[in-house]
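Below, chains carry the letters A, B, ... as their sequence lines are ordered, and counting in each starts from 1. None of the values given here were measured: they were computed from a predicted structure.
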Number of protein chains: 2
Amino acid sequence: MGWFQELFYFCKMLSKKTKYAFHALTYLGKHKEEGSVLIQDIATEHGISHKFLENILLELKKAGFLGSKKGKGGGYYLIKEPKDIPLSRIIRLLDGPIALLPCVSLNYYEACEECKDQVKCGLNKVMIQVRDETLNILENKTLSDILDKE
Amino acid sequence: MGWFQELFYFCKMLSKKTKYAFHALTYLGKHKEEGSVLIQDIATEHGISHKFLENILLELKKAGFLGSKKGKGGGYYLIKEPKDIPLSRIIRLLDGPIALLPCVSLNYYEACEECKDQVKCGLNKVMIQVRDETLNILENKTLSDILDKE
DNA sequence: ACAAACCCTACTTTTTTTATAGGTTTTATA
DNA sequence: TATAAAACCTATAAAAAAAGTAGGGTTTGT
C-alpha cells in the first residue's frame, strides 16, 4: 500500500491524553451547533483537569483538527468533518514517538540492537504482517463512527 | 526531518520485555533438538542482559510455556508446540492488555473514571470493535509463524 | 564437595506519563 | 476604556511504569 502503512503496527493501551482527546472531539462533535465550546465544559463533563485538557486541545488545534476563538465568548470547535478524522491520526498525534521498533519501517529504517541479521528475523516479518492488518482497521474507523454510537 | 521522523516513530510498541520474550521463544524453538538451552546462550546471541532475561524466562515458565532443568547441564526448553503459542498470549503476559482502553479489555477490565455511563459511550463501542478485529489477528499468528520465517 | 545453573525477592535507575503552575495575549462588553 | 473571560504558551514537578541490577537460595551432575 503506501508509506503511511508504516504508521501503525501494534499499539498498547492508549494514554490518558489520547483518551481525553477522543472524549473532547466527541463532545465537540455533539455540540457542533453551539458554535464554540469552553474547555471547562468538556473538563467538567468528563471530570478531567482543566489545565491538562487545555494542553491537549492546543495540540489538536495545532494539528489542524480544531479551531478556536479567544476572549470572552470564545472556545473550541471542530474544523474537520468527523468522517475525516481517523482514529489513527489522533493516536499518532497524542501518543507521539515513543518506544521504537524501527526494524519494521521501510522508509525510516534502523536495525534493532539485538538483531544480528534482520533479513533472517522471523519476528520482524510477522510483525510487518500484523502492522499491515492492524493499520487497515484503524485507518478506517473515524470520529464519525464514535458519534454514530453515542 | 522532524515531521518525517515523527511519522514513523509515533506509536507505543512492544516493550523490551515482550520483544526479548519473542526472541527467546524463537531461539528455543530453533534449538529444540538440543534438549535444553542456557539463559546465557540466548542472552549472548541477542546481546541482552543475563539477569533481565532470567526474569522474563521465569515468567514464561510460570505461565506454562517453558520447562526448565536446574543444576549443571540444565536450561530451558519449550513445553508447548509453537503453533499453540499465539502472539496474543505472550503480549498479554509481558505487556498486559491488548485492548486500547481499560473499559474494553477482556482480561484487564476497568471502568473509565471519566465516563458517566459506559453504555452510552461511543468511544467504548468503537474500541470494542477495534479490539475484536485486532485480537483476531494476534490470536491467529503464533510462534510457529515466526519460526517458519527464520 | 563443588561448581553450574535455575529460582526468587527486592531494590535502584531511567524514562514516560500525568498534572500543575504561572503567567501572556486576545476579545466581548459594560 | 477598564474589566473579566477565555485561549495561548512554557517550564517544571510529581507519579507511575519500564528497564535493569544485586545478591543470595536451591537443585543437580560430576
#### Entry: First of A/Y20 and B/S68 reached from the 5' end of DNA chain C, by closest nucleotide
B/S68
### Message
Check A/K19 with B/E114, please: is the shortest side-chain N to carboxylate O separation under 4.0 Å?
### Response
yes
### Task
Check whether the side chain of A/N55 and the base of C/dT20 form a donor-acceptor pair under 3.5 Å.
yes
### Message
Could you work out, with side-chain contact (heavy atoms from CB on, under 4.5 Å) as the rule, every residue matching B/S68, not counting sequence neighbours?
### Response
B/K61, B/Y76
### Query
Contact class for B/L38 vs. all strands (heavy atom < 4.0 Å): base, sugar-phosphate, or nothing?
sugar-phosphate
### Query
For C/dT20, does OP1 or OP2 lie under 4.0 Å from any side-chain N or O of A/S49?
yes
### Rounded distance (Å) that lies between atom P of C/dA5 and atom CG of B/L53
15 Å
#### Entry: B/N124 (side chain) donor-acceptor with B/C103 (main chain) under 3.5 angstrom
yes
### Touch class at under 4.0 angstrom, heavy-atom based, for B/K62 against every strand present
sugar-phosphate
### Task
Answer with base, sugar-phosphate or nothing: what part of the nucleic acid does A/I39 contact at a heavy-atom distance below 4.0 Å?
sugar-phosphate
### Query
Of the nucleotides D/dA7, D/dA19, C/dT20, which one has an atom closest to the side chain of B/K17?
D/dA19
### Message
Checking B/N136 against B/D132: is there a side-chain donor and acceptor pair closer than 3.5 Å?
### Response
no
### Query
Judged by atom type as modelled, is there a donor-acceptor pair below 3.5 Å linking the side chain of A/D145 to the main-chain atoms of A/T142?
yes
### Query
To the side chain of B/F52, which of D/dG20, D/dA6, C/dC6 is closest?
D/dG20
### Query
How does protein reach along nucleotides 23-30 of chain D, written 5' to 3' as B (base within reach of a heavy atom under 4.0 Å), S (only sugar-phosphate), or - (no contact)?
BB--BBS-
### Task
Taking the six-membered ring for Trp and the single ring otherwise, decide whether the centroids of B/H31 and B/Y27 are under 6.0 Å apart.
yes
### Message
Only pairs with both distances under 3.5 Å count, Watson-Crick or wobble alike; so what is the partner of D/dT27 in this structure?
### Response
C/dA4
### Query
Counting just side-chain N and O atoms, does A/K61 come under 4.0 Å of either OP1 or OP2 of D/dC8?
yes
